[in-house]
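Presented below is the structure to which this report refers.
What's counted below: heavy atoms across the whole structure, side chains too, no hydrogens, waters or symmetry copies.
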Amino acid sequence: MKLRTKKTLAREFLILTVVFASGVVCFLCTYPYNYLRNNQVDKISKTVAEKTRHADTLSQSYKSKTQNQDWFFKQYSNKFDIENSKYNSKEIVWNRLYDLAKKDSLKLKWGKWEKETIENFKEMGFPSPESLKELIDTNIISSTDLNNYNQSVRITQELKALNKQKNKIEAKILSFKRQIEFGIKAAIFFAIILLGLRYLYYAIRWSIKTLKKKSE
């Protein structure tokens, strides 16, 4: 085999080696890339979990009291004709009862109610004005409850943004198939670059030789 042919084969082998090595290196680089992305996801997940617990704690009292108020109004609606009454909404009924409890006049009002009204309250689970007052006192939504709930709503909005950010990062994490594809694409890219540079090198060398011949 001629020396020129050997040099050509050696050059081609070096180019293929560089192309293959470049693809392998790019493939291996996807692992630290995925590691960094997974760390970002983990940090966001921890933040989301902490904020979720905090939001749940803040809204717990408000939601519990709201559920109890809903339960009471449902029972009240089943026992009383609210369609033909001015007390036809949860807010109106609850505000009225709260007003009576606050003025400590619920017991007095209880004594003036009709027997049917008192029986209805007893069937609802309130045998005395004290039992009804206890429900009202323990389920009034305070300004603190409302402020905490509003704060939990703001945190929930933050959680939506964080989860959206988390989803975007997760979409950028490469699967093993995409890692291989990235390595192959990188190898093809370097092959095109090296082949292009090789022919550019040949063209420049030929041009220099041609110019030297003319100058001689």
Test of understanding: with side chain to side chain donor-acceptor pair (under 3.5 Å), list the residues that count as partners of R37, not counting sequence neighbours. Y33, Q40
If the condition is side chain to side chain donor-acceptor pair (under 3.5 Å), which residues does N38 pass it with, not counting sequence neighbours? none
So, taking the atom named [atom1] in [X] and the one named [atom2] in [Y], what distance separates them when rounded to the nearest 0.5 Å?
X	Y	atom1	atom2	result
L100	L108	CG	CG	9.5 Å
I136	L132	CD1	CG	4.0 Å
L106	L97	CG	CG	7.0 Å
N163	T156	CG	OG1	10.5 Å
I141	T66	CD1	OG1	3.5 Å
K43	L162	NZ	CG	14.0 Å

For F27 and I184, run side chain to side chain contact (heavy atoms under 4.5 Å, CB included): C-alpha distance rounded to whole Å, both residues' side-chain angles, the deciding distance at 0.1 Å, then the answer. CA-CA 8 Å; F27 168 76; I184 293 173; over 6 Å; no
If we only count heavy atoms from C-beta on, is the [X] to [Y] side-chain gap below 4.5 Å?
X	Y	result
R53	E50	yes
E170	N167	yes
C26	F190	yes

I'd like to check the salt bridge (Lys or Arg N to Asp or Glu O under 4.0 Å) partners of K51; sequence neighbours left out, ordered by chain and number. E158
Check step by step if side chain to side chain contact (heavy atoms under 4.5 Å, CB included) holds for I44 and Q165. CA-CA 8 Å; I44 294 175; Q165 181 184 356; 3.9 Å; yes
Are [X] and [Y] connected, step by step, through hydrophobic side chains (Ile, Leu, Val, Met, Phe, Trp, Tyr) whose heavy atoms are closer than 4.5 Å?
X	Y	answer
I180	V24	yes
F189	F182	no
I173	Y35	no
L36	V41	no

So that I can tick it off, tell me whether D99 and K103 are bridged by a salt bridge, with the cut-off set at under 4.0 angstrom between side-chain N and carboxylate O. yes
Looking at N139, is its backbone amide N or carbonyl O close enough to the side chain of Q69 to form a donor-acceptor pair, meaning the two atoms are under 3.5 Å apart? yes
Within the distance-only criterion (no hydrogens, no angle test), does the side chain of S64 pair as donor or acceptor with the backbone N or O of S61 below 3.5 angstrom? no
Tell me the closest heavy-atom pair linking [X] and [Y], and the distance in Å.
X	Y	value
L174	T30	CD1-CG2, 3.7 Å
A55	S152	O-CB, 3.4 Å
A171	R178	O-NH1, 3.3 Å

Other residues, nucleotides and ligands only: do more than 12 of their heavy atoms fall within 6.0 Å of CD on E114? no
Would you indicate whether Q60, at its atom CD, is surrounded by more than 12 heavy atoms from other residues, nucleotides or ligands within a distance under 6.0 Å? no
Going by ring-ring contact (aromatic ring centres under 6.0 Å, His included), name the pairs with one or both residues in residues 130-175, residues two or more places apart or in two chains. Y62-Y149
Given the rule in the side chain to side chain contact (heavy atoms under 4.5 Å, CB included) test, do K133 and K107 qualify, once you have shown the distances and angles that lead to the verdict? CA-CA 9 Å; K133 186 177 186 302; K107 187 175 182 179; over 6 Å; no
For residues 118-127, which side-chain donor-acceptor pairs fall under 3.5 Å, sequence neighbours excluded?
from, atom 1, to, atom 2, distance (Å)
N120, ND2, K79, O, 3.4
N120, ND2, E116, O, 3.3
E123, OE1, K79, NZ, 2.6

Report the C-alpha separation of H54 and I155 in whole Å, then their side-chain angles, then the decisive distance to 0.1 Å, and conclude whether the side chain to side chain contact (heavy atoms under 4.5 Å, CB included) test is met. CA-CA 8 Å; H54 185 47; I155 293 174; 3.4 Å; yes
Applied to residues 54-76, the salt bridge (Lys or Arg N to Asp or Glu O under 4.0 Å) test, sequence neighbours excluded, yields K65-D145, D70-K90
Angle class for the W113/W110 ring planes (parallel below 30°, perpendicular above 60°, tilted otherwise)? tilted
